[in-house]
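All values below were derived from every heavy atom in this structure, side-chain atoms included, with hydrogens, water molecules and symmetry-related copies excluded. FYI, the numbering just counts along the sequence from 1.
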Amino acid sequence: MTLKIFQWDAKYAKGHLKKITADALEYRKTFERQWRKNEGTVYHHDGLLSEGVSDGSAVNINDIASFLDVDDSDSIGVNYTFKNYRFLHAQMSANPPTVIVRPTSSDIDDRRKADAADRLVRHAIRKLKMQKKMDKAAGRALLYGTGWMKTVWDKDGGVLESLDERTGEITMTGELTITASSTWDVYIDPFAKEMEEVRYIIERKWMSKEEARMRYPEHFKKICEQSDKYGSSKIRHAFKDRHTLEEKPVSIYCYWEKGMPINGMAGRYVEYVEDGSLISEITVNPFAFGDSAEDGDAPPTAQLPFHILTDIDVCDQVYGKRVDE
């Protein structure tokens with residue numbers, strides 16, 4: 001059977017991205033409610049054990065952030081949930097994932113290659129600060145049930161390659177970046193029941209207005225309008241107080257689609273704002289490689305650059321859960 005790839009144009013992409021972004025945001029609302037409770041339970045000095053307070057009045061779950069501030073300086077509490085959280089996180093930090101390179105034979109050439117590869121791995125762990133980033137992902141997995149790592153080639157990273165002083169245009173060398181993405185900023189395909197079934201991931205990216213003006217000069221006004229329209233109701237917990245500052249961050253969305261027959265195994269990547277308006281060209285997913293040496297001359301298959309870490313797996317659900325939820 002011959003299959004035909006469906007090509008996206010700007011009009012279709014805008015409508016489709018608006019719909020699936022709304023679906024991803026809506027799907028995650030149930031999990032976000034529990035995440036806020038977890039934050040209140042772990043970070044409040046006494047721990048937030050229920051949705052009520054001692055006098056029986058109800059607590060608005062959206063205002064749990066207020067519990068994180070200690071108003072009574074004479075109050076000293078022992079948060080046992082935090083003690084358990086810290087103990088488990090210390091154990092995970094002391095036993096991070098490791099890579100061990102061994103030669104395939106006793107041949108001296110194989111041993112030299114293995115030694116070179118091992119030195120490269122240890123250099124990358126130090127250079128990319130992998131211990132710290134794994135600790136962050138593990139901490140989020142323990143707190144929310146789900147943590148994320150992201151591996152990409154950042155074309156705007158690295159060191160300065162050239163500068164045109166007349167126009168102000170700069171070119172960077174680019175570099176490999178590995179980050180521990182915030183759980184609040186990663187949205188997944190609502191239809192997936194396990195990570196292998198996830199067709200796409202939407203990443204919310206925050207930046208200053210100055211950076212947005214530099215990166216997207218033609219769409220700067222649109223980005224600011226969309227951030228003002230949608231951002232205040234969907235700001236992640238870490239930004240809970242930043243809406244009161246004079247300098248307000250703006251956000252965009254990055255759509256990552258893995259390689260599938262419908263896209264010729266090349267995937268798709270595009271940047272846009274919440275109403276679906278594109279602020280970049282639709283391209284193939286740049287995160288692509290062959291699955292194994294057995295692929296032969298087969299073209300590389302686009303992969304999702306996100307790696308999930310869960311505390312407790314839940315049947316028919318990608319998101320994990322905390323041990324005490």
Side-chain angles (χ1 to χ4, degrees), residues 87-142 146-159 161 172-181 186 188 192-201 203 256-261 263-269 283-313 318 320:
F87 173 72
L88 292 173
H89 190 235
Q91 285 188 316
M92 295 183 73
S93 179
N95 298 278
T98 58
V99 177
I100 300 175
V101 182
R102 293 192 177 95
T104 57
S105 70
S106 59
D107 183 78
I108 187 64
D109 191 44
D110 279 351
R111 293 171 61 183
R112 286 174 177 170
K113 290 178 180 178
D115 180 66
D118 183 65
R119 292 172 184 270
L120 179 61
V121 167
R122 285 188 277 121
H123 170 74
I125 291 174
R126 293 192 302 269
K127 174 71 174 178
L128 299 173
K129 298 180 174 64
M130 289 301 299
Q131 176 71 56
K132 181 178 181 180
K133 292 171 182 177
M134 281 303 305
D135 286 349
K136 286 184 177 181
R140 291 184 176 118
L142 288 173
T146 304
W148 297 96
M149 294 288 289
K150 177 187 174 187
T151 306
V152 294
W153 175 261
D154 181 8
K155 61 182 177 61
D156 296 323
V159 298
E161 186 174 55
M172 306 297 290
T173 59
E175 66 177 348
L176 174 69
T177 61
I178 300 178
T179 56
S181 299
V186 179
I188 62 172
K193 296 180 180 179
E194 56 186 42
M195 190 60 194
E196 289 71 19
E197 295 180 0
V198 173
R199 298 169 296 166
Y200 61 84
I201 286 181
E203 178 191 18
W256 296 87
E257 183 180 275
K258 76 175 183 180
M260 299 177 288
N263 55 44
M265 309 306 291
R268 295 185 180 95
Y269 176 80
T283 65
V284 299
N285 183 345
F287 192 73
F289 50 87
D291 290 333
S292 69
E294 298 176 358
D295 291 338
D297 296 329
T301 299
Q303 310 290 329
L304 295 174
F306 295 88
H307 318 283
I308 192 170
L309 176 64
T310 55
D311 187 4
I312 295 179
D313 292 332
V318 177

Report the C-alpha separation of Thr104 and Asp110 in whole Å, then their side-chain angles, then the decisive distance to 0.1 Å, and conclude whether the side chain to side chain donor-acceptor pair (under 3.5 Å) test is met. CA-CA 7 Å; Thr104 57; Asp110 279 351; 3.1 Å; yes
Taking all non-hydrogen atoms of both residues, which atom of Leu309 and which atom of Ala138 are closest, and how far apart? CD2-CA, 3.8 Å
Hey, does Trp153 have a side-chain heavy atom less than 4.5 Å from the side chain of Pro286? no
Residues two or more places apart in sequence or in another chain: which of them pass side chain to side chain donor-acceptor pair (under 3.5 Å) with Asn263? Glu257
Take Asp135 and Gln131, measure what side chain to side chain donor-acceptor pair (under 3.5 Å) needs, and give me the verdict at the end. CA-CA 6 Å; Asp135 286 349; Gln131 176 71 56; 3.1 Å; yes
Scanning both residues in full, the closest heavy-atom pair of Pro305 with Val152 reads CB-CG1, 3.7 Å
Asn95 side, atom CG; Met134 side, atom CE - distance, nearest 0.5 Å: 11.5 Å
Please identify each residue that fulfils side chain to side chain donor-acceptor pair (under 3.5 Å) with Arg119, with sequence neighbours left out. Asp115
Can you tell me how far the CD1 atom of Ile188 sits from the OH atom of Tyr200, to the nearest 0.5 Å? 9.5 Å
Excluding sequence neighbours, so at least two apart, what forms side chain to side chain donor-acceptor pair (under 3.5 Å) with Thr179? none
Taking it one step at a time, do Val198 and Val318 satisfy side chain to side chain contact (heavy atoms under 4.5 Å, CB included)? CA-CA 8 Å; Val198 173; Val318 177; 4.1 Å; yes
NZ/Lys133: more than 12 non-hydrogen atoms of other groups inside 6.0 Å: yes
Val186 vs Phe306, side chain to side chain contact (heavy atoms under 4.5 Å, CB included): CA-CA, chis, key distance, verdict: CA-CA 9 Å; Val186 179; Phe306 295 88; 4.2 Å; yes
How far apart are the C-alpha atoms of Lys113 and Asp109, what are their side-chain angles, what is the distance that settles it, and do they pass the salt bridge (charged side-chain N to carboxylate O under 4.0 Å, His left out) test? CA-CA 6 Å; Lys113 290 178 180 178; Asp109 191 44; 3.5 Å; yes
Would you say the side chain of Trp256 lies within less than 4.5 Å of the side chain of Glu203, judging by non-hydrogen atoms? yes
Of all heavy-atom pairs between Gly267 and Ala302, which one has the smallest distance, and what is that distance? N-CB, 3.8 Å
First locate atom CD1 of Ile308, then atom OG1 of Thr146, and finally report the distance between them rounded to the nearest 0.5 Å. 5.0 Å
Closest contact, heavy atoms only, Pro300 versus Ala288: CB-C, 4.1 Å
Pair Arg122 + Asp118, salt bridge at N-O below 4.0 Å: yes
Inter-residue atom distance Leu142.CG - Asp311.CG, 0.5 Å rounding: 5.5 Å
Kindly give the heavy-atom pair with the smallest separation between Ala114 and Pro103, and that separation in Å. CB-N, 3.5 Å
Donor-acceptor pair, Asn285 side chain versus Gln303 backbone, under 3.5 Å? yes
Tell me, with the steps shown, if His307 and Lys150 meet side chain to side chain contact (heavy atoms under 4.5 Å, CB included). CA-CA 6 Å; His307 318 283; Lys150 177 187 174 187; over 6 Å; no
Run the numbers on Met149 and Ile178 for side chain to side chain contact (heavy atoms under 4.5 Å, CB included), then give the verdict. CA-CA 7 Å; Met149 294 288 289; Ile178 300 178; 3.6 Å; yes
Are the side chain of Thr173 and the backbone N or O of Val159 linked by a donor-acceptor pair below 3.5 Å? yes
Ignoring hydrogens and geometry, is there a side-chain-to-backbone donor-acceptor pair from Ser105 to Asp107 under 3.5 Å? yes
With a 4.0 Å cut-off, would you call Glu175 and Lys155 a salt bridge? no
To the nearest 0.5 Å, tell me how far Tyr269 OH sits from Thr283 OG1. 7.5 Å
From NZ (Lys136) to NE2 (His89), nearest 0.5 Å: 10.5 Å
